[in-house]
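Read the structure below first, then the notes.
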Amino acid sequence: MASVSSRIPLRIVLRASTYIGRKQLQGATSLAFYSTSFVGDDPVLVRDFIRSALYDPENGYFSKLAGPVGVLDKSIRFNQLQGRVAYMQLLDKLYKQHDIAWFTPVELFKPWYAHGIAESIMRTADLSIPLKIYEIGGGSGTCAKCIMDYIMLNAPPRVYNNMIYTSVEISPSLAEKQLETVGEVQSHFSRFKVDCRDATDKNGWGHVNSHPCWVIMLEVLDNLPHDLVFSPNQSSPWMEVWLKQNHDSLQISEVYKAIQDPLISKCAKIIGMDEDQAVKRRSLVATGKQIWSKAFPKPRRSWMPTGCLQLLEVLHWALPKMSLIASDFSYLPDITVSGDRAPLVSTKKSGRTKDHSNYLDAKISGSWRK
């Protein structure tokens with residue numbers, strides 16, 4: 001795990017019915033439906049396909065199942081472990097015992113992970129005004145409970161009494177789980193609420209909240225949809241990738257269109273893809289490269305963090321005085337899917353993990369980590 005840096009928006013983890021990583025993400029729940037369930041008669045952008053696989057009300061990975069998010073019965077006694085090997089052995093044992101997809105760091109290192117966040121907030125926040133905390137994608141509610149526990153025990157009583165902790169959670173099942181977890185301490189109830197909605201939807205925020213607040217996102221960026229762009233050779237312009245269902249078939253194929261989507265265009269500009277094209281056009285050897293690319297074409301693919309961009313833009317608009325705390329994955333090994341910033345795609349069956357070289361290969365429950 002690594003705290004969010006300039007690299008994170010370009011390397012994000014994706015989870016869905018066909019997306020969950022391996023190693024830490026063991027035991028993905030099997031859902032017997034196909035990726036064509038998310039592609040209708042009209043082509044859809046890759047990000048819309050991923051969003052449906054994640055959050056479709058009927059078949060989305062996070063929509064109905066809270067099971068993949070593991071909850072430990074008690075904290076790990078790290079002082080009793082003999083180094084990293086012992087920790088990895090314990091982790092493997094825990095995954096087998098609980099038969100879940102993954103444990104989040106806030107769960108594995110509870111309560112200390114969340115206590116560290118709470119202490120950071122207390123040291124830097126203006127405690128003369130009511131403390132407002134938003135958590136995007138609160139999982140099982142462990143982070144919220146542990147932060148509220150710490151503030152209740154360590155902050156002046158007025159800080160705890162006047163605080164409001166809001167979880168913005170798109171999954172109804174996880175929203176229910178959060179209420180159950182936080183409700184273990186009765187006094188937390190009046191200070192905690194769950195808004196079951198999509199945090200990337202600007203309409204859900206209603207209006208701009210100009211009060212100072214804190215926003216916590218732990219392993220949220222990894223759950224956001226990506227887009228994919230394609231170029232047939234080294235000098236041709238990038239194109240949007242759309243997905244369509246072949247008639248009378250369960251197969252999905254890609255369709256390429258000139259880039260017109262505003263989010264994809266903005267991502268390309270932020271990443272610098274437009275500048276790369278401009279440099280190539282100005283280069284003295286540009287003509288030679290164009291000839292070479294046509295003679296020996298090398299298709300190019302690039303994954304675009306459009307979901308991340310959308311969420312950050314919405315938060316910047318809705319909560320202009322927010323202080324953001326975020327952490328996520330910064331590196332994933334053994335990626336065989338083609339393209340810059342490509343995801344790790346795998347499926348798990350009978351306890352065995354299989355990696356795929358094509359992001360559309362895992363049609364039944366599997367995983368993507370980006």
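Put simply, CG on Leu228 and CZ on Phe49 are 12.0 Å apart, with the number rounded to the nearest 0.5 Å. Separation of atoms CE (Met148) and CD (Glu184) is listed at 13.0 Å; rounding is to 0.5 Å. Atom CD1 of Ile147 is separated from atom CH2 of Trp214 by 10.5 Å, given to the nearest 0.5 angstrom. Rounding to the nearest 0.5 Å places OG of Ser253 at 5.0 Å from NZ of Lys244. Remark: Phe78 CZ to Leu90 CG distance equals 8.0 Å, nearest 0.5 Å. Atom OG of Ser140 and atom NZ of Lys110 lie 7.0 Å apart (nearest 0.5 Å).
Remark: side-chain polar atoms of Asp195 are not paired, donor with acceptor, to backbone N or O of Arg197 under 3.5 angstrom. Counting only distance, with no hydrogens or angles, the side chain of Arg300 and the backbone of Ser236 share a donor-acceptor pair below 3.5 Å. Proximity of a side-chain donor or acceptor of Ser52 to a complementary backbone N or O of Asp48 within less than 3.5 Å is detected.
Heavy atoms only, all atoms of each residue included: Glu107 and Leu72 are closest at OE2-N, 2.7 Å. Counting all heavy atoms, side chain and backbone alike, Phe192 lies closest to Ala144 at CE1-CB, 3.8 Å. For the residue pair Ser210 and Pro320, the shortest heavy atom distance occurs at CA-CG, 4.3 Å. Looking at every heavy atom in both residues, Pro111 comes nearest to Ser75 through CD-OG, 3.6 Å. Heavy atoms only, all atoms of each residue included: Val106 and Cys143 are closest at CG2-CB, 3.7 Å. When all heavy atoms of Gly139 and Gln178 are compared, the closest pair comes out as O-NE2, 3.0 Å.
Ring geometry for Tyr256 against Phe230 counts as parallel: the plane angle stays under 30°, on a 0 to 90° scale with 60° as the upper cut. Relative orientation of the Tyr113 and Phe109 rings is parallel, given thresholds of 30° and 60° on the angle between their planes.
The closest side-chain heavy-atom distance from Met239 to Pro232 is below 4.5 Å. Side-chain contact between Val241 and Asp227 is absent, with no heavy atoms from C-beta onward closer than 4.5 Å. In this structure, Ile271 and Met304 have side chains that are in contact, with non-hydrogen atoms separated by less than 4.5 Å. Counting only heavy atoms from C-beta outward, the side chains of Val194 and Val182 never approach each other to under 4.5 Å. Using a 4.5 Å cut-off on side-chain heavy atoms (C-beta onward), Ile151 and Leu131 make contact. Two residues are said to be in side-chain contact when any heavy atoms from C-beta on lie closer than 4.5 Å; Ser323 and Pro212 fail this criterion. Residues Asp261 and Arg47 meet the side-chain proximity criterion, which asks for heavy atoms closer than 4.5 Å.
If you run side-chain hydrogen bond (donor to acceptor under 3.5 Å, both in side chains) between Tyr165 and each of Lys193, Arg191, Glu135, Lys145, only Glu135 comes through.
Tracing side-chain contacts under 4.5 Å through hydrophobic residues (I, L, V, M, F, W, Y), one never reaches Leu309 starting from Trp303; they form parts of separate clusters. Hydrophobic clustering (ILVMFWY, side-chain heavy atoms < 4.5 Å, transitive): Phe189 and Tyr150 are in distinct clusters. Follow the hydrophobic side-chain contacts under 4.5 Å out from Ile164 and you never reach Val215; the two are in separate clusters. Tracing side-chain contacts under 4.5 Å through hydrophobic residues (I, L, V, M, F, W, Y), one reaches Leu324 starting from Val220; they form part of the same cluster. Criterion: ILVMFWY side-chain heavy atoms under 4.5 Å apart, direct or through other members. Under it, Ile216 and Trp112 are not part of a common hydrophobic cluster.
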Stepwise side chain to side chain contact (heavy atoms under 4.5 Å, CB included) test for Leu224 and Met217: CA-CA 12 Å; Leu224 300 177; Met217 298 194 301; over 6 Å; no

Side chain to side chain contact (heavy atoms under 4.5 Å, CB included) between Ile264 and Leu45, worked out: CA-CA 10 Å; Ile264 295 178; Leu45 283 165; 4.1 Å; yes

From CA spacing to verdict: side chain to side chain contact (heavy atoms under 4.5 Å, CB included), His115, Asn154: CA-CA 10 Å; His115 283 186; Asn154 295 281; over 6 Å; no

Leu319/Trp205 under side chain to side chain contact (heavy atoms under 4.5 Å, CB included): CA gap, chis, key distance, verdict: CA-CA 9 Å; Leu319 307 171; Trp205 293 93; 4.0 Å; yes

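When only modelled atom types and interatomic distance are considered, Glu219 and Thr104 share no side-chain donor-acceptor pair under 3.5 Å.
Between Glu169 and Lys177 no salt bridge is recorded (no basic side-chain N to carboxylate O distance below 4.0 Å).
Residue-environment remark: CD (Glu254) exceeds the threshold of 12 foreign heavy atoms within 6.0 Å.
Annotation: His188 is in aromatic contact with Tyr160 [ring centroid separation under 6.0 Å].
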